[in-house]
Structure formats: structure tokens, C-alpha cells
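Contents: one structure, followed by commentary.
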Amino acid sequence: FAQKDVFQLKDLEKIAPKEKGITSMSVKEILQSLVDDGMVDTDRIGTSNYFWAFPSKALHARKRKLEELESQLAESSQKKEALQKSIEKSKIGREDTAERAALLKELAALRQKKEQLKTEIDKYRECDPDVVEEMRQTNQVAKEAANRWTDNIFSIKSWAKRKFGFEESRIDKGFGIPEDLDYID
């Protein structure tokens, strides 16, 4: 900021130890840190890297940030006003009156009764025709699946008898198949 000039790294390595008391070994690291933080600008021109930092850039950055924050403040103020108006509109017709209090009390009583009736219905749910029909359909699907697996077991047993010449009782014993295995009717 003080010299308002453009420098190369080797110039900064000479100037920094004399003017600012920074060791020449750490100049490159500090400079890279300042570039990463956006406090110093850098650009490559040809084969050289140039570094600079002007006070006006920081001033402009602060001005932009200030303008951005002011616009956010204005937007927030508008939203607040809109919400205040919405609240005022919502309050219209909701004044606390005896009639309103009675209606709210009745509403609470009806909601409680609704919950009681729901629990009553849930107690008798197993007798509901829709639930019973759903259970019948589920049972039918399970029965078909069990018969399909029984059929698969019989097919594998007959294949094993043909392929390896095992006796049926030996296959049943080896695989833990009960002797009374049969289709479900």
C-alpha cells in the first residue's frame, strides 16, 4: 500500500527484510498467503510473476460489501413489513369473543371424541371385512408359494434319483426333508 507499485518476487525478497523485518526465507510463504486471502493481486506476464496491492482496491471491496449488505437490509425490511401486514390481515376475524371461545372449546371436544372413536375402531380392526379379505389374499399367495417350493423340492429329488441313483429315503434324510412332505390343500 505504501509504495503503490508493482513488484516481482525477487524485489520483494530484497525489500521486505529491510523495511518490514520479515526474513527473506518466509517472504514467499507470506506473499502466497496474502494472495490466497485476496489482499495482494498477482499476474503472470511473460515469464515473470508480478505482485501488487493498491489501497483503492480494498476501499472498493468494502464499498461493494457495504452496498450488498444495505440491499440485503432493504430486502429484509420489505419482507418484515409484508409479514407484519400478513399478521394484521390474519388477526381480522380472530378477535377473542365469547362465541369464538365456545367454538374453540367445541372443536377441542370434537377432536377428542374423534380420537376416542379411532381407538374404538382400531380395537375391532380384525373384524373389518377389508382386512379379512386382505388376509385371505395374503394367505392364498403364501399357499401358492409353499406349493411352488414343494414342487421344486420334488423336482430336485427326482433329478437326484435319476442322475445319481440315490434312494428317496436317503435324499430325504441327507437334506432334512420330512417324510410327510406334501402339497397344501
Side-chain angles (χ1 to χ4, degrees), residues 9 25-26 28-44 47 49 61 64-65 68-69 71-94 96-97 99-185:
L9 180 61
M25 303 298 256
S26 63
K28 187 173 183 178
E29 294 171 14
I30 293 171
L31 187 61
Q32 187 60 46
S33 174
L34 290 171
V35 168
D36 292 343
D37 292 342
M39 297 174 71
V40 173
D41 293 317
T42 183
D43 201 1
R44 183 173 189 87
T47 59
N49 286 330
R64 277 195 307 273
K65 184 70 174 174
E68 182 181 315
L69 290 173
S71 69
Q72 288 177 358
L73 178 65
E75 286 178 23
S76 297
S77 297
Q78 288 176 351
K79 284 182 183 177
K80 181 183 173 190
E81 289 175 21
L83 289 172
Q84 289 289 353
K85 289 177 183 175
S86 174
I87 289 171
E88 293 301 320
K89 284 182 183 177
S90 297
K91 285 183 179 178
I92 296 172
R94 292 186 180 196
D96 287 333
T97 61
E99 181 184 354
R100 179 171 160 74
L103 289 173
L104 287 173
K105 196 173 186 180
E106 183 182 348
L107 178 65
L110 289 173
R111 283 185 178 160
Q112 186 178 9
K113 187 170 184 174
K114 177 184 170 190
E115 289 301 318
Q116 288 174 348
L117 291 173
K118 259 187 173 177
T119 56
E120 186 84 16
I121 288 173
D122 286 343
K123 278 198 265 184
Y124 300 112
R125 181 168 167 73
E126 62 193 35
C127 297
D128 184 10
D130 295 335
V131 173
V132 171
E133 183 60 31
E134 185 179 327
M135 287 173 59
R136 283 188 182 134
Q137 289 176 354
T138 304
N139 289 343
Q140 184 63 32
V141 170
K143 181 179 171 184
E144 289 171 2
N147 285 336
R148 188 171 39 252
W149 279 103
T150 304
D151 192 37
N152 291 342
I153 291 171
F154 286 145
S155 297
I156 289 174
K157 279 173 57 174
S158 71
W159 175 80
K161 280 196 286 186
R162 276 194 323 266
K163 182 82 174 170
F164 302 110
F166 290 139
E167 297 174 20
E168 191 168 330
S169 60
R170 200 168 153 203
I171 294 172
D172 289 345
K173 186 176 180 185
F175 290 101
I177 300 171
E179 292 179 17
D180 61 345
L181 178 70
D182 202 1
Y183 293 100
I184 299 172
D185 292 326

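Treat the numbers as computed from the prediction; the structure is a model and nothing was measured. Residues: numbered from 1 along the sequence shown.
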#### Entry: Heavy-atom check, side chain of Thr150 versus side chain of Asp182, under 4.5 Å
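Sidechains of Asp182 and Thr150: no contact.
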
### Task
State, yes or no, whether a side-chain contact exists between Met135 and Val131 at a heavy-atom distance under 4.5 Å.
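In short, these two side chains touch, coming nearer than 4.5 Å.
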
Can you tell me how far apart [atom1] ([X]) and [atom2] ([Y]) are? Round to the nearest 0.5 Å.
X: Lys157; Y: Asp172; atom1: NZ; atom2: CG; value: 3.5 Å
X: Ser158; Y: Glu168; atom1: OG; atom2: CD; value: 9.0 Å
X: Arg148; Y: Ile153; atom1: CZ; atom2: CD1; value: 12.5 Å
X: Leu73; Y: Gln78; atom1: CG; atom2: CD; value: 10.5 Å

### Task
Take atom CD of Glu68 as the centre, draw a 6.0 Å sphere, and report whether it contains more than 12 heavy atoms from other residues, nucleotides or ligands.
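Check passes, neighbour count above 12.
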
### Task
Answer yes or no: are there more than 12 heavy-atom neighbours, outside Glu133 itself, under 6.0 Å from its atom CD?
yes

For [X], enumerate each residue passing the side-chain contact (heavy atoms from CB on, under 4.5 Å) test, keeping only those at least two apart in sequence or located in another chain.
X: Lys173; value: none
X: Glu144; value: Gln140
X: Arg170; value: Phe166, Glu167

Counting N and O atoms only, with roles assigned by atom type, does the side chain of [X] sit under 3.5 Å from a partner on the main chain of [Y], one being a donor and the other an acceptor?
X: Ser86; Y: Ala82; value: no
X: Ser76; Y: Gln72; value: yes
X: Asn147; Y: Ile184; value: yes

Show which side-chain atoms of residues 101-118 pair as donor or acceptor with protein atoms under 3.5 Å away, not counting sequence neighbours.
none

### Message
Under the rule for salt bridge (charged side-chain N to carboxylate O under 4.0 Å, His left out), what residues qualify as partners of Arg162, not counting sequence neighbours?
### Response
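Listed in chain order: nothing, the list is empty.
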
#### Entry: For the student: nearest non-hydrogen atoms of Lys161 and Ile171, plus distance
CG-CD1, 3.9 Å

### Task
Can you run down the ring-ring contact (aromatic ring centres under 6.0 Å, His included) pairs that involve residues 124-155, sequence neighbours left out, and say none if there aren't any?
Phe154-Tyr183

